Amino acid sequence: MARLTVITGPSGVGKGTLVAGLLRRHPEIWLSVSATTRAPRPGETEGETYFFLSRELFEQQVAAGGFLEWAEFAGNLYGTPRQPVEERLAAGCPVLLEIELEGARQVRHTFPAGFQLFIKPPSFAELERRIRGRGTDSEEAIQRRLQRARVELAAEAEFDATLINDDLAVSLEQLEQQLGLR
Ligand code: ADP
Ligand code: 5GP
């Protein structure tokens, strides 16, 4: 696995599900915990899923250079805290970032040797089914995410590789293969 791996793909494609499966199989991988101004969904925990910040605190962190990258997505701010990533990389630990397109582009400049994987759905209709099936977003949030999904899907060619998340068990094996873990 590359020292730094980025996973990107439209909201609802199954990134979180795939990454959770990957970490169960490879506990040596360190997944960065992002900061966000989005409200927690049921079951999400502070410091594990995200660090949930007010917009004011988030902007203070931006001004202080505390993020490796950050972006606005569907009306909320998301960022990767810089220090923990730099510490893990310095310790030789494989680092995984699960971030959206703008953040991936920033990281491509700061870590050109990193590996960037794009996850796409079998079809747009299936993506919409998954976002709705997750049942955690308002209709407005779903519409914003679907709109943004079209932009992200158009950027697939910028990435080092693509994985189509159709059958979950198959996709997990392909993910391991693409990251050089099997
Ligand atoms: P993301 O992190 O990309 O926003 P999630 O991991 O939250 O996506 O997955 C969105 C929804 O799709 C969840 O309900 C999840 O259980 C479901 N899902 C994920 N992968 C698959 C798959 N391969 N086939 C069918 N449903 C899936
Ligand atoms: P969600 O609100 O569904 O958890 O995440 C929305 C989008 O933000 C997803 O595409 C996710 O990958 C992305 N995201 C999560 N954390 C970060 C981050 O630290 N930086 C950036 N740029 N995007 C992030």
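Order of listing sets the numbers, starting from 1, for every ligand and every atom in it. Since the model is a prediction, treat every value here as computed from it, not as a measurement.
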TODO: Fit a plane to each ring of Trp70 and Phe58, take the angle between them on a 0 to 90° scale, and name the class: parallel (under 30°), tilted (30 to 60°) or perpendicular (over 60°).
DONE: perpendicular
TODO: For Gly12 and ligand 1, answer yes if some heavy atom of the residue is under 4.0 Å from a ligand atom, otherwise no.
DONE: yes
Open item on the list: Heavy atoms only, cut-off 4.0 Å: how does Glu102 contact ligand 2, side chain, backbone, both, or neither?
Closed with: neither
- [ ] Of the side chain and backbone of Arg38, name the one, both, or neither that has a heavy atom under 4.0 Å from an atom of ligand 2.
- [x] side chain
Open item on the list: For ligand 1 and Glu126, I'd like to know whether there is a polar contact (N/O to N/O, distance under 3.5 Å).
Closed with: no
Task: 4.0 Å heavy-atom contact, Tyr50 with ligand 2 - done: yes
Task: Protein heavy atom at shortest distance from atom 19 (O) of ligand 2 - done: Ser34 OG, 2.7 Å
Open item on the list: If you measure every N or O of Lys15 against every N or O of ligand 1, does any of those distances drop under 3.5 Å?
Closed with: yes
Open item on the list: Yes or no: does Asp166 have any heavy atom under 4.0 Å from an atom of ligand 1?
Closed with: yes
- [ ] Around atom 20 (N) of ligand 2, find the nearest protein heavy atom and jot down its residue, atom name and distance.
- [x] Glu69 OE2, 2.7 Å
Open item on the list: Looking at ligand 2, is there an atom of it that comes within less than 4.0 Å of some heavy atom belonging to Arg41?
Closed with: yes
- [ ] For the pair Phe73 and Arg145, evaluate side chain to side chain contact (heavy atoms under 4.5 Å, CB included) and give the outcome as yes or no after the intermediate values.
- [x] CA-CA 8 Å; Phe73 179 91; Arg145 281 159 193 267; 3.9 Å; yes
Task: For Gly103, the ligand 2 atoms whose distance to one of its heavy atoms is below 4.0 Å - done: 22 (N)
- [ ] Considering only non-hydrogen protein atoms, determine which one is nearest to atom 11 (C) of ligand 2 and report residue, atom name and distance to 0.1 Å.
- [x] Glu98 OE2, 3.4 Å
Task: Ligand-residue contact atoms, ligand 2 with Arg145, heavy atoms, under 4.0 Å - done: 1 (P), 2 (O), 3 (O), 6 (C)
Open item on the list: Starting from atom 24 (N) of ligand 1, what is the nearest protein heavy atom, named by residue and atom, and what distance separates them?
Closed with: Arg130 NH2, 3.2 Å
Task: Tyr78, Phe73, Trp70: member with heavy atom nearest to atom 24 (C) of ligand 2 - done: Tyr78
TODO: Could you tell me whether Glu152 approaches ligand 2 through its side chain, its backbone, both or neither, with non-hydrogen atoms closer than 4.0 Å?
DONE: neither
Task: Shortest protein heavy-atom distance from atom 10 (O) of ligand 2, along with the residue and atom involved - done: Glu100 CB, 3.6 Å
Open item on the list: To check you understand the geometry: which heavy-atom pair defines the closest contact between Thr8 and Leu101, and what is its length?
Closed with: CG2-N, 3.7 Å
Task: Protein heavy atom at shortest distance from atom 7 (O) of ligand 1 - done: Arg134 NH1, 2.9 Å
Open item on the list: Considering both backbone and side-chain atoms of Gly79, is one of its nitrogen or oxygen atoms within less than 3.5 Å of a nitrogen or oxygen in ligand 2?
Closed with: yes
Task: Close-contact set for ligand 2 against Lys15 heavy atoms, below 4.0 Å - done: 10 (O), 12 (O)
Open item on the list: Looking at ligand 1, is there an atom of it that comes within less than 4.0 Å of some heavy atom belonging to Ser11?
Closed with: yes
